[in-house]
Amino acid sequence: MCKCNTQVSYLHALLQLCARNRAAIQGQACHAQTFHFGLHQDTITSNILINMYCKSGVMSSARKVFDQMPERSLVSWNSLIGSHAQNGEAQQALTLFRSMQREGSLFSEFTISSLLCACAAKCAVFECKQLHGFAIKAAVDSNMFVGTALVDVYAKCALVKDACLVFDNMKERNVVTWSCMAVGYVQNELFEDALLLFRRAQIMEVEHDQFMFSSIVSACAGLAALIEGKQVHAIISKTGFGSNNVFVTSSLIDMYAKCGSVEEAYAVFTGIKEKNIVSWNTMISGFAKHARALEAMILFEKMQQIGLHPNQFTYSSVLSACSHMGLVDEAKSYFDLMRKEHNVPPNEIHYSCMVDVLGRVGKVSEAYHLIKRMPFDATASMWGSLLACCRFHGNLELAKVAAKHLFELEPDNAGNHILLSNIYAANKKWEEVARTRTLLKESMVKKERGKSWIAIKDKVHAFMVGEINHPRIAEIYSKLDNLVEEMKILGYRVETEHDFHDVEDSRKQQLLKHHSEKLALTFGLLCLPSNAPIRIMKNLRICGDCHSFMKLASRVTQREIIVRDINRFHHFRNGFCSCADFW
DNA sequence: CTAGGGTTAG
């Protein structure tokens, strides 16, 4: 029996090489050699074998080595648990942990961080809290890996406060810890907090990496904060992460698109050397939001020319592009193609786009039949879009059906009651109008108030309907009056049918005049240079009066006005809107 | 010999 040290370390090195390269076949040959050298019962050799089999994905062999070892060490357990965690097999990892405890083996920071990782993937809150307890008892909670895993798992389970608490109490943090916290904020839609964290990291001169950048860019996208987004983009370019990471570049495309600058989104897109499916999907979705269906469709073709297969995201983006523009035939052919050509089964989002586009072009019954025969329960958004279409195309019978379903799903949504009331009014059913208006008044109390905001330099100015608190509000109202007078000469008439308060017409005119987007626009006119586009963000759908107003305002002032409402972007230029009045 | 994070949909 030869146990020459150089040969042993040679075999170990070979096995480690196999592990790194996930070379199971060669690893197996080395495994045979361990018998030849009488090393098969050696703990370190067995651990290296377990690691090699885990890394190359042969879990059964790893388990066999583990089961046959005469003396298991902590590393043996950790390797196996860690591997199950990485494979997303939380249950197996936890079961092993329990056997480990039953056998009286102590665990380490390696064990806990692996298990936490497994729980993060499954959002297993209870297990995660328990593991946190174990970590404290075993005094491994101050370990950086354990702390980072805790931040990650708490954030993924939507326990942001717990994540923060762990983060703030950590003695030592690295770039992963910081990016986990940032990602945690973004995933819980706490975009402001993510940006504040990023600034804190900058002040503390923490190094950034691609993970941090992609999450911060997503935060800017979520806030529709173009100025901050551009600043972060500049930092990214300086650090050289600019065009070589698909996560960062996809986030950048999405950020520019959601901030209203589809041109800059496209510039990032064309600059990517190796685009993946997400790069394409994000760009297509960007064009869709901006009512540029043709470009969306062209990209859909181009991505296939370079050999990428459209997936569910791709299809939801092209379908929504079609629905925004009322391209019903194109939508139908995509809907057909997705299953036949690319084996993508349509999901609720795809059906929702189809219902929307069919309804928009007046094929209301067809939309209803699609809802009836789809394999899911219809969502509120589907009934809502059907109801809206019934109003537009005048179908009282289907409107009643849609409304009935809708009120079951969303009893407190004021917009739904408004729609139905209008339909009854159009059909001169005054009793029903009165009945719906009572329901409407109750729901109006809970209705979200209209709010718009505009960024001037580095400050965001927000306006509510009939705002009185802005420092320059008097100036704004006076400028708005002048603008309205100028527009009236061109034929602007306040469309009071878009206001649903139970008040007389003159008061309605007043309320409409002071819709938040009009105030934001006026403030933009006061503050921004005369050639700069005016970008306004809004929390609700833009009303018909404001839409006409913006069209005329773009003509009178010769400005480009970009309004993002809850669904999409409107680009107003010289009296026209990119949505072709279809929204 | 063992441990952590990110992008796209109505």
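Residue numbering restarts at 1 for every chain, and letters A, B, ... go by the order of the sequence lines.
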Could you check which of [options] has an atom nearest any side-chain atom of [X]?
{"X": "A:Glu348", "options": "B:dG10, B:dG5, B:dG6", "value": "B:dG10"}
{"X": "A:Ile48", "options": "B:dC1, B:dA9, B:dG6", "value": "B:dC1"}
{"X": "A:Glu109", "options": "B:dA3, B:dT2, B:dA9", "value": "B:dA3"}
{"X": "A:Val278", "options": "B:dG4, B:dT2, B:dT8", "value": "B:dT8"}
{"X": "A:Phe313", "options": "B:dT8, B:dG10, B:dT2", "value": "B:dT8"}
{"X": "A:Ser218", "options": "B:dG5, B:dT7, B:dG4", "value": "B:dT7"}
{"X": "A:Ser179", "options": "B:dT7, B:dG5, B:dT2", "value": "B:dG5"}

Are [X] and [N] close enough that a side-chain N or O sits under 4.0 Å from OP1 or OP2?
{"X": "A:Lys156", "N": "B:dG6", "value": "yes"}
{"X": "A:Lys258", "N": "B:dA9", "value": "yes"}
{"X": "A:Ser320", "N": "B:dG10", "value": "yes"}
{"X": "A:Asn51", "N": "B:dT2", "value": "yes"}

Verify stack between A:Phe247 ring and B:dT7 base, 5.5 Å, 30 degrees: no

Starting at [atom1] of [X] and ending at [atom2] of [N], how long is that distance when rounded to a whole Å?
{"X": "A:His84", "N": "B:dG4", "atom1": "NE2", "atom2": "C1'", "result": "19 Å"}
{"X": "A:Asn47", "N": "B:dA3", "atom1": "CG", "atom2": "P", "result": "12 Å"}
{"X": "A:Met181", "N": "B:dG6", "atom1": "CE", "atom2": "P", "result": "14 Å"}
{"X": "A:Leu308", "N": "B:dT7", "atom1": "CG", "atom2": "P", "result": "20 Å"}
{"X": "A:Asp254", "N": "B:dT8", "atom1": "CG", "atom2": "C1'", "result": "7 Å"}
{"X": "A:Asn87", "N": "B:dG4", "atom1": "CG", "atom2": "C1'", "result": "16 Å"}
{"X": "A:Met255", "N": "B:dG6", "atom1": "CE", "atom2": "P", "result": "20 Å"}
{"X": "A:Phe198", "N": "B:dG5", "atom1": "CZ", "atom2": "P", "result": "21 Å"}

Once you apply a heavy-atom cut-off of 4.0 Å, does [X] come out as touching a base, just sugar-phosphate, or nothing?
{"X": "A:Thr148", "value": "base"}
{"X": "A:Ile349", "value": "base"}
{"X": "A:Asp356", "value": "nothing"}
{"X": "A:Val176", "value": "base"}
{"X": "A:Val151", "value": "nothing"}
{"X": "A:Gln86", "value": "sugar-phosphate"}
{"X": "A:Thr177", "value": "base"}
{"X": "A:Ser113", "value": "base"}
{"X": "A:Asn311", "value": "nothing"}

CG/A:Asn343: more than 12 non-hydrogen atoms of other groups inside 6.0 Å: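 No, because the 6.0 Å sphere around CG of A:Asn343 holds 12 heavy atoms or fewer from other groups.
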
Within 6.0 Å of CZ in A:Arg22, more than 12 heavy atoms from elsewhere: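 Count not over threshold, so no.
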
Distance criterion of 3.5 Å, no angle test: do you see the side chain of [X] paired donor-to-acceptor with the base of [N]?
{"X": "A:Asp209", "N": "B:dG6", "value": "no"}
{"X": "A:Asn567", "N": "B:dG10", "value": "no"}
{"X": "A:Ser250", "N": "B:dT7", "value": "yes"}
{"X": "A:Asn347", "N": "B:dA9", "value": "yes"}

In terms of side-chain geometry, is the basic nitrogen of [X] or [Y] positioned less than 4.0 Å from the acidic oxygen of its partner?
{"X": "A:Lys332", "Y": "A:Asp336", "result": "no"}
{"X": "A:Arg292", "Y": "A:Glu263", "result": "yes"}
{"X": "A:Lys122", "Y": "A:Glu127", "result": "no"}

Aromatic contact, A:Tyr10 with A:Phe37 (centres under 6.0 Å): no

side-chain hydrogen bond (donor to acceptor under 3.5 Å, both in side chains) against A:His12, all qualifying residues, sequence neighbours excluded: A:Thr45

